[in-house]
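Here the structure comes first, spelled out in structure tokens, and everything after it is commentary.
In the text below, chain A, chain B and the rest are named by the order of the sequence lines, each starting its count at 1.
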Protein chains: 2
Amino acid sequence: MSFSTTEENYLKAIFKLSEKSGDRPVLTNHLAAEMQIAAASVTDMIRRLAEKQLIEYEKYKGVQLTAEGQRWATYLIRKHRLWEVFLLEKLGFAWDEVHEMAEQLEHIQGDELVNRLDRFLGFPRYDPHGDPIPDEHGRWEARRQSPLSDVMPGQVFIVTGVQDHSTTYLQYLDHLGIALGSRIEPLERLPYDHSMRVKLADGPAFTLSEKAALNLLVMSADEQTTQ
Amino acid sequence: MSFSTTEENYLKAIFKLSEKSGDRPVLTNHLAAEMQIAAASVTDMIRRLAEKQLIEYEKYKGVQLTAEGQRWATYLIRKHRLWEVFLLEKLGFAWDEVHEMAEQLEHIQGDELVNRLDRFLGFPRYDPHGDPIPDEHGRWEARRQSPLSDVMPGQVFIVTGVQDHSTTYLQYLDHLGIALGSRIEPLERLPYDHSMRVKLADGPAFTLSEKAALNLLVMSADEQTTQ
DNA sequence: AAAAATTTTTAGACTAATCTAAATTTATTA
DNA sequence: TAATAAATTTAGATTAGTCTAAAAATTTTT
Ligand SMILES: [Mn+2]
Ligand SMILES: [Mn+2]
Ligand SMILES: [Mn+2]
Ligand SMILES: [Mn+2]
């Protein structure tokens, strides 16, 4: 079993949009927008993927991954995230630089390569953005994390992930001194624009916009230690 | 500047055949045989590569790499060999297992990635098969090595490379206990079939076929220490 | 329940990379 | 040097992946 880079990119996109839509069928236009491709091209490709039993496709109703499609998409995500860890941990790239390269590396074939890379990296469970890495059997641990914008002030939280992977956002966090594992304490939410006053361990207080707080995922500090 | 995987594979093949032919033009059929592709397809592609100024092409006369083509081919070889070192040194693959994977990895784009990988590996000068690795500027050191079949018995040599990269040959060397860096002493050449009696440091004597000796590259032990 | 708007599919075309078979050019041999 | 053989190119097809424009289906609005 092996698929083209293009086919694999479709599988990943369908997986991503499925997650967002709570497993409801993914519509042609959504896929077209996500992949920056004409809707007509998507229609073509999903017919081919359906023939290969990677997705179920009902005309005008959208597509869903089959078990096989799920498995393959998960495998691609495993590869992508392991390579991201490699680029950061071993080659010293920053968390806003690794995505593009991993986007290529995820298509390199070789199960043995993936498993040895996993071992070399010490079987990491999360990637540089806090996203879980599926293991050899396609299983992964989801964390009970929430956007910082949703939590109650007056308690310490640990930064465990980001929802926005854009370079600008990640560099903005760097600028603020916020990284995965940072201890952050929300002080108050300002009703006017929903911005949030927060402070990092031993640091001065500062303000985060609603948008910035929405995309920052945190866990309560005591819960985190059990993970 | 960036080229398709296919174009890059043509460049590498032309480079390889040019080396063999002493820089005389590479003929369509040679390229077709090397790449296991129909001659007509080669004609098509070399016209495209000539348009992109990567090769000079005269109808019916064969092709030669331009300076730009040389540069790019050398860059691909640099990437291929660095990834081979990574797979062997860091992931623990054997020298007969790395080529296929490197064949894919050499097409991954990112100059910074290549240079960081190089640094991570400690700027290796030779790959797991003893082939030289071009540096960031495309320069590399060729060693004064010769096939074991050509050297005079009665002196100790160091194994520095192989000419045959096939799995069967490399595994055969493993079986004999011959690796890069092995000290090997040719005892005599047998006139009947040009086979060679040799011995490894402290080991018993054994016989190598002419073919096996032709593909094993060695340097005299004292010369090697200066490299 | 029509009409209008939106979404999706179909139709037809294009490029890259390949193939086979036929035509052409170059090299070898008689 | 003419005939023959070998190498190379051209011609015409095919497949994957993409596009735009038009047609068809579905959904929303009136
Ligand atoms: Mn990524
Ligand atoms: Mn990531
Ligand atoms: Mn190789
Ligand atoms: Mn090699």
Quick one: is [X] getting a side-chain N or O under 4.0 Å of the [N] phosphate, OP1 or OP2?
| X | N | answer |
| --- | --- | --- |
| A/Y10 | D/dA16 | no |
| A/Y60 | C/dT6 | no |
| B/N29 | D/dT8 | yes |
| B/R47 | D/dT9 | no |
| B/T28 | D/dT9 | yes |
| B/T43 | D/dT10 | no |
| B/Y57 | D/dT9 | yes |
| B/S41 | C/dT18 | no |
| B/R48 | C/dA17 | yes |
| B/T6 | C/dA16 | no |

Measure from [atom1] on [X] to [atom2] on [N] and round the result to the nearest Å.
| X | N | atom1 | atom2 | result |
| --- | --- | --- | --- | --- |
| A/M35 | D/dG17 | CE | P | 11 Å |
| B/K59 | C/dA27 | NZ | C1' | 18 Å |
| B/E58 | D/dT8 | CD | P | 13 Å |
| B/H30 | D/dA7 | NE2 | C1' | 10 Å |
| A/L27 | D/dA25 | CG | C1' | 14 Å |
| A/N9 | D/dG17 | CG | P | 11 Å |
| A/F3 | D/dT15 | CZ | C1' | 18 Å |
| B/L31 | D/dA7 | CG | P | 15 Å |

Legend entry - Parallel, tilted or perpendicular, as decided by the 30° and 60° cut-offs, for the rings of B/H175 and B/Y172: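 Judged by the thresholds at 30° and 60°, the geometry between B/Y172 and B/H175 is parallel.
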Legend entry - Aromatic ring pairing A/W83/A/F86, orientation class (parallel under 30°, perpendicular over 60°, tilted between):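 The arrangement is perpendicular - the two ring planes meet at more than 60°.
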Legend entry - Upstream residue (5' side of DNA chain D) when B/G62 and A/Q36 are each assigned their closest nucleotide: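 On the 5' side of the pair lies B/G62.
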Inset, instruction - For A/A39 and for B/K61, find the nucleotide of DNA chain C with the closest heavy atom, then tell me which residue's nucleotide is more 5'. - result: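 Final value for this comparison: A/A39.
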Legend entry - Nearest listed nucleotide, side chain of B/A40, among D/dA11, D/dC19, C/dA17: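 In terms of side-chain proximity for B/A40, the closest of D/dA11, D/dC19, C/dA17 is D/dA11.
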Legend entry - Centroid-centroid distance, B/H80 to B/H99, less than 6.0 Å: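 Yes, ring centres under 6.0 Å apart.
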Inset, instruction - Could you tell me whether a side-chain N or O of B/T28 sits under 3.5 Å from a main-chain N or O of B/T43, the two making a donor and an acceptor? - result: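 Not a single qualifying donor-acceptor pair exists.
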Inset, instruction - Answer yes or no for B/R116 and A/F93: cation-pi contact, defined as NZ/CZ to six-membered ring centre under 6.0 Å and angle to ring axis within 45°. - result: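 Ring-cation test returns yes.
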Inset, instruction - Begin from the C-alpha positions of A/L190 and A/M196 and carry the test side chain to side chain contact (heavy atoms under 4.5 Å, CB included) through to its verdict. - result: CA-CA 6 Å; A/L190 306 178; A/M196 224 175 185; over 6 Å; no
